[in-house]
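To start, the structure itself, in structure tokens.
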Protein chains: 2
Amino acid sequence: MGISERKERQRAELREQILRVARDMVVKEGFSALSMRKLAEAVEYAPATLYLHFENREAIARELCVRGFGELLAALEPGAKVTEPLERLSVMGAAYVKFGLEHPETYRLIFMEDPRLSTELFQGGSDGAGPRSFGLLARVFEDLRSAGRIADTADPGRLAETVWAGLHGIVSLKLTCAAFQTSAEKLRETLTETLVHGLPGLKPAR
Amino acid sequence: MGISERKERQRAELREQILRVARDMVVKEGFSALSMRKLAEAVEYAPATLYLHFENREAIARELCVRGFGELLAALEPGAKVTEPLERLSVMGAAYVKFGLEHPETYRLIFMEDPRLSTELFQGGSDGAGPRSFGLLARVFEDLRSAGRIADTADPGRLAETVWAGLHGIVSLKLTCAAFQTSAEKLRETLTETLVHGLPGLKPAR
DNA sequence: ACCAGTAAATGAACGGTGTTTACAGAACGG
DNA sequence: CCGTTCTGTAAACACCGTTCATTTACTGGT
């Protein structure tokens with residue numbers, strides 16, 4: 001009875017091929033250039049065939065989102081192993097920014113296009129790539145707190161969200177407003193450094 | 001010879017009406033819902049007529065961008081009058097975030113769509129809304145430095161870019177990833193507070 | 001070996017999109 | 001009054017995502 005298995009395999013294979021080609025199109029020319037007709041042409045099937053494997057264009061984009069986020073998570077994981085929390089913050093932040101700049105269209109797809117594309121990434125208890133990667137960042141501050149190195153009143157979750165927002169701001173501004181002069185890496189450095197130590201040499205008003 | 005002036009006036013009026021209706025469409029349903037045909041229908045002209053007033057759809061979007069940024073600048077200006085620099089940072093930051101959340105589609109158009117839409121905003125010496133509003137933020141740190149309240153070595157421009165990126169990160173994440181739990185205003189507060197004073201009660205590793 | 005039934009694939013259509021162009025009409029200056 | 005200039009448009013072009021009736025291919029059962 002290996003025959004239906006082969007069919008299942010072929011089905012999965014085509015699905016995979018569609019996603020591969022779709023990914024290429026997005027990476028090369030952005031999400032808006034992902035056309036169902038061109039995609040069908042590229043995989044050498046009729047447009048209607050795509051709808052046997054995906055509900056619609058958005059479903060393809062969602063799948064690309066999930067996989068893209070998986071890559072982002074993978075890019076963050078090495079840095080998460082650094083022991084010293086503040087150094088870890090630095091390394092992971094740099095990895096995040098690097099990923100965003102090296103995969104601009106993937107990053108756009110996940111974080112800058114339609115909210116519907118990314119919602120599923122960020123729900124579901126603590127499994128799911130979204131909460132997982134967020135957890136990696138939050139642990140920096142949990143570790144600092146449990147080591148008594150920051151105030152007990154500090155909220156690790158909120159600090160992590162703040163850092164994430166800052167990193168995202170750097171990447172996404174670089175991707176849309178070429179105007180910013182400072183390099184992304186220097187901005188990232190200033191961000192983490194200043195978030196940790198405050199403004200250099202700050203004195204109160206007198 | 002008031003006749004050609006009247007024509008000129010009528011021409012400008014139609015142009016303005018097109019922009020008004022286009023703005024409404026964008027504000028209500030987002031940039032992607034801005035259709036030349038629907039726009040033509042709404043102003044009761046044939047689609048081709050729109051091309052007598054704008055080069056193409058993108059040109060309309062660019063104009064909306066410029067005006068939207070003008071509104072943002074106007075929203076920032078009151079806060080820029082606050083004397084105490086750190087309080088000014090707080091007030092302006094809050095105004096920025098408020099603007100982004102209250103005009104999501106305008107904000108998206110300026111900062112999260114095609115880079116081509118916003119490029120012109122950020123060039124041209126120190127005139128232009130882009131550099132002007134950036135200057136407002138940079139002055140916070142210039143003032144701090146010239147008052148001897150932060151280190152001479154601190155770079156006001158870089159600090160301003162960092163803050164801007166952080167604020168933008170907060171707004172744009174709120175607009176695309178509903179996932180984030182903390183409210184935008186609390187994130188903004190944490191961002192500025194922490195950027196100024198560093199992590200609360202930080203002690204070095206021992 | 002044939003037949004029924006199922007799954008895969010498609011051609012053609014529907015209703016949209018931005019944009020161009022050839023043409024019509026009105027209004028104006030001389 | 002005529003010729004030019006400006007305004008406006010219908011029609012077409014080349015796309016787009018999606019649906020559906022129909023055909024094709026194949027497989028399990030007789």
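Naming convention: chains lettered A, B, ... in sequence-line order (proteins, then strands); numbering from 1 in each chain.
- Rounding to whole angstrom units, CD of residue B:Q10 and C1' of C:dA27 are separated by 11 Å.
- In summary, the aromatic rings of A:F122 and A:F69 are positioned with their centroids under 6.0 Å apart.
- Remark: C1' of C:dT17 and CE of A:M36 are 17 Å apart, rounded to the nearest angstrom.
- Residue B:R11 is the one, among B:R11 and B:A48, whose nearest nucleotide of DNA chain D lies closer to the 5' end (criterion: closest heavy atom).
- Distance CG (A:L52) to P (D:dC20): 13 Å, rounded to an integer number of Å.
- Within 4.0 Å of B:L34, counting heavy atoms only, lie sugar-phosphate atoms of the nucleic acid but no base atom.
- Both B:K38 and A:Y45 lie close to DNA chain C; mapped to their nearest nucleotides by heavy-atom distance, the more 5′-ward contact belongs to A:Y45.
- Interface remark: the B:R37 side chain does not form any donor-acceptor pair with the C:dG16 base, using a distance-only criterion of under 3.5 Å.
- Between B:F54 atom CZ and C:dT19 atom P the separation is 13 Å, expressed in whole Å.
- Judged by a 6.0 Å distance limit and a 45° cone about the ring axis, A:R57 is positioned over the six-membered ring of A:F31.
- The aromatic rings of B:F134 and B:W164 sit tilted relative to each other, their planes meeting at an angle between 30° and 60°.
- Computed from coordinates, the B:E41 CD to D:dT9 P distance equals 12 Å when rounded to whole Å.
- For the pair B:L50 CG and C:dG18 P, the computed distance is 10 Å after rounding to whole Å.
- Within the structure, every side-chain polar atom (N or O) of B:T49 is placed at least 4.0 Å from both OP1 and OP2 of D:dT7.
- Going from atom CD of B:E8 over to atom C1' of D:dT5 covers 15 Å, rounded to whole Å.
- Side-chain atoms of A:R188 and A:S90 form a donor-acceptor pair, as typed in the model, at a separation below 3.5 Å.
- Put simply, B:S35 has no side-chain N or O that comes within less than 4.0 Å of OP1 or OP2 on C:dG16.
- Here D:dG17 presents its C1' atom at 11 Å from CD1 of A:I60, a figure rounded to the nearest Å.
- Between D:dT7, C:dA9, D:dG17, one nucleotide has an atom nearer to the side chain of A:R57 than all others, and that is D:dG17.
- Between B:Y107 and B:Y96, the ring-plane angle classifies as perpendicular under the 30° and 60° cut-offs.
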